[in-house]
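Throughout, protein chains are lettered first and strands after them, A, B, ... in sequence-line order, and every chain is numbered starting at 1. On a predicted model such as this, the values are computed, not experimentally measured, just so you know.
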Number of protein chains: 2
Amino acid sequence: MNLRALETLVQILTVPSFSAVAQIRNMTLSAVSMQMKALEAELGVELFDRQSRPPRLTPLGRQVALQSRGILEARDTVTTLCQRGEKLVGQFLIGFIQTASVRILPGFLEAARREAAGASFQFSAGLSETLSDFVAEGRLDAAVVTQVDPMPAHLCVQRLATEEMVMALPATHADADQVQLEAQLPFIRFRPSTGIGRLISASLSQVSAQPQQIILDSIEGTLECVKRGLGYTVLPRPDVERYCDAQMVIRTVSDLYPSRDLVLVTRNDRQSDGWRDALFSLMVTQE
Amino acid sequence: MNLRALETLVQILTVPSFSAVAQIRNMTLSAVSMQMKALEAELGVELFDRQSRPPRLTPLGRQVALQSRGILEARDTVTTLCQRGEKLVGQFLIGFIQTASVRILPGFLEAARREAAGASFQFSAGLSETLSDFVAEGRLDAAVVTQVDPMPAHLCVQRLATEEMVMALPATHADADQVQLEAQLPFIRFRPSTGIGRLISASLSQVSAQPQQIILDSIEGTLECVKRGLGYTVLPRPDVERYCDAQMVIRTVSDLYPSRDLVLVTRNDRQSDGWRDALFSLMVTQE
DNA sequence: TCATCAAATACAATCCATCTGAAGTTGTGA
DNA sequence: TCACAACTTCAGATGGATTGTATTTGATGA
């Protein structure tokens, strides 16, 4: 099916005769006639009643013309999509690690709707290493992850936020020092396979051998255990504060545990150069 | 813009490489490459990142591909529209005289939705002569009118319903005979320019010279006047009965006034032969 | 009913876009 | 660094679309 023929057909809705359409479209009457004949042949139906001299659209022909108008409009949305001057145009596949999808994603979506109407986004969740690899392979356009070493090659890394690691412990143990704590309560560890968990594991090995450990894979679940006095844990401050209440106290432990960076990773190629900074600015503005 | 190229682009959403698409679509890799290059040139954008070896869709390219899928779906609705075996497919332009649009149209629409899903309808209102002329000229596909003489040539006329003409008079004059009535009340005449009005005018000239007349162009308004004792009138029975209540009585006057026929008029050509009977049956089934 | 005219169709020649096949280039993975 | 697979480029072939001209057909008016 030829779009030029559909354009002709659609014009015939508003113009009385083939010859008039031919003039408007800068073609010969002959060409118009043949376009319509070919269209009829392809669809296997009569679009025109040729008993009458300016051939008349049949009801079916009229319907086809109206539908064709829809096809052409759909095409025009594509061309205008491509003519936008904006940087962020297209469908972006973006990965988020769990905590970032809570902290960064909502504000990002809001900013994107405001400032990047031509763009759409599809998100997927995963671990920092996986997402970084996906970006490197081209299966994702970008990802928000915690900085990991070593980063896959040819990736561009931009820091979005720094999250301080804090200790969350039951209010009943608010006064215990580190040694007492370790003796009295088990350490509840966030699943070590994730970025956070790894970071903590690395730190822990320098601190002390933990006699008792509970391993959980949910931040909310971890903190719920803390509130009930089942143990203590170490997590990024924003996550802890979100669930904090009177049953729990927060202790700053920046000397024991390093902070972590949330970063935006993109491929370091010419394509990404076109939109990397625009994407980055949509993610930081919502701070 | 070439629909075949769009098909190729859409396939690339689900298939990893140009060469795979080429195999699936029975073309050479070369042709795929050139189609995509031509598409990029036409849109003036980069749909693919050719830094990497199976060329990767850029976010914009992905968006264009997704939108293109919409274009192709729109095209498919057109082709399936044309493949329906039904008789009534397309957009029909149909004229209705005022009273028919109340009596016939609702039931017709209901039947059409049930039995002619591939058809859409656009209605216009007007006088019987005008609508009949429009059908003859091809500005309408069909019309429901009162039978008028002479009918324009080459029209096919099918009777839908017969409406008896009855007299409506105020309940206060229920016992008056025709002579008393004429002496006591003015005759309220429905606008003579319409089909009904004409019919009545023609009859009246045979009956008697009316000393007093009120002319109105609304059936409901006419009957409201009758209810209030301002005069009497003659109208089709269904219209009178719709508004009848205790303040008004109906008198059969078939000896004085002829009945009228509601008819479906269509052009008498090969095109209309295809759907005339189907349309007709949708209009009578709702009786 | 016929003559006339405008409009559409038919057809051959031509044009143009697209496809193929072969040769050349370029990422990728060993 | 090499080999290979994948893509691009190019020239030539192909086929669909357009044009110009001749012919047909429906509309109009005498």
Atom pair distance, as rounded to whole Å: CD in B:Gln23 and P in D:dC7
11 Å

Nucleotide D:dA17, atom C1' - distance to CG of A:Leu6 in whole Å
15 Å

If you check every side-chain atom of A:Arg50, which of C:dC19, C:dA8, D:dC7 has the closest atom?
C:dA8

Look at the side-chain N and O atoms of A:Ser19 and state whether any lies under 4.0 Å from the OP1 or OP2 oxygen of C:dA8.
yes

Is there a donor and acceptor pair closer than 3.5 Å between the side chain of A:Ser30 and the base of C:dA10?
yes

Please confirm whether the shortest side-chain N or O distance from B:Lys37 to OP1 or OP2 of D:dT9 is below 4.0 Å.
yes

Closest to the B:Arg4 side chain: C:dC19, C:dT9, D:dT9?
C:dC19

I need the CZ-P distance between A:Arg56 and D:dA27, as an integer number of Å.
8 Å

Test item: side-chain donor near acceptor, B:Arg25 and B:Thr8, under 3.5 Å
yes

I'd like to know if A:Asp133 pairs up with A:Arg139 as an ion pair, taking the criterion as any Lys NZ or Arg NE/NH1/NH2 lying under 4.0 Å from an Asp or Glu carboxylate oxygen.
no

Which sits closer to the 5' end of DNA chain D, A:Asn26 or B:Ser52, going by the nucleotide each is nearest to?
B:Ser52

Phosphate OP1/OP2 of D:dT8 contacted by B:Ser33 side-chain N/O (<4.0 Å)
yes

Identify whether the distance between the nearest side-chain nitrogen and carboxylate oxygen of B:Arg75 and B:Glu7 falls below 4.0 Å.
yes

Go through C:dA8, D:dA6, C:dT20 for me and flag the one nearest to the A:Pro55 side chain.
C:dA8

Nearest whole angstrom, please: distance from the C1' of C:dA8 to the CG of A:Leu39.
17 Å

Out of D:dT19, C:dT18, D:dA27, minimum distance to the side chain of A:Arg53 belongs to D:dA27

Provide, to the nearest angstrom, the distance between the CG atom belonging to B:Leu29 and the P atom belonging to C:dT18.
18 Å

Between CG on residue B:Leu131 and CD1 on residue B:Ile94, distance to nearest 0.5 Å:
11.5 Å

Distance below 4.0 Å between A:Gln35 side-chain N/O and D:dA17 OP1 or OP2
no

From C:dC19, D:dT8, C:dA12, pick the nucleotide closest to the side chain of B:Met27?
C:dC19

A:Met34 has a side chain; which of D:dC10, C:dA12, C:dC19 sits nearest to it?
C:dA12

Can you see if the side chain of B:Gln51 gets near the phosphate of C:dG27 - specifically, an N or O under 4.0 Å from OP1 or OP2?
no

Rounded to the nearest 0.5 Å, what separates atom CG in B:Leu140 from atom CD in B:Gln122?
9.5 Å

If you check every side-chain atom of A:Thr28, which of C:dA8, D:dT19, C:dT20 has the closest atom?
D:dT19

Nearest-Å distance, NE2 (B:His154) to C1' (D:dG26)?
11 Å

B:Glu137 and B:Arg267 ion-paired at < 4.0 Å
no

Taking only side-chain N and O atoms of B:Asn2, does any of them lie within less than 4.0 angstrom of OP1 or OP2 on C:dT18?
yes

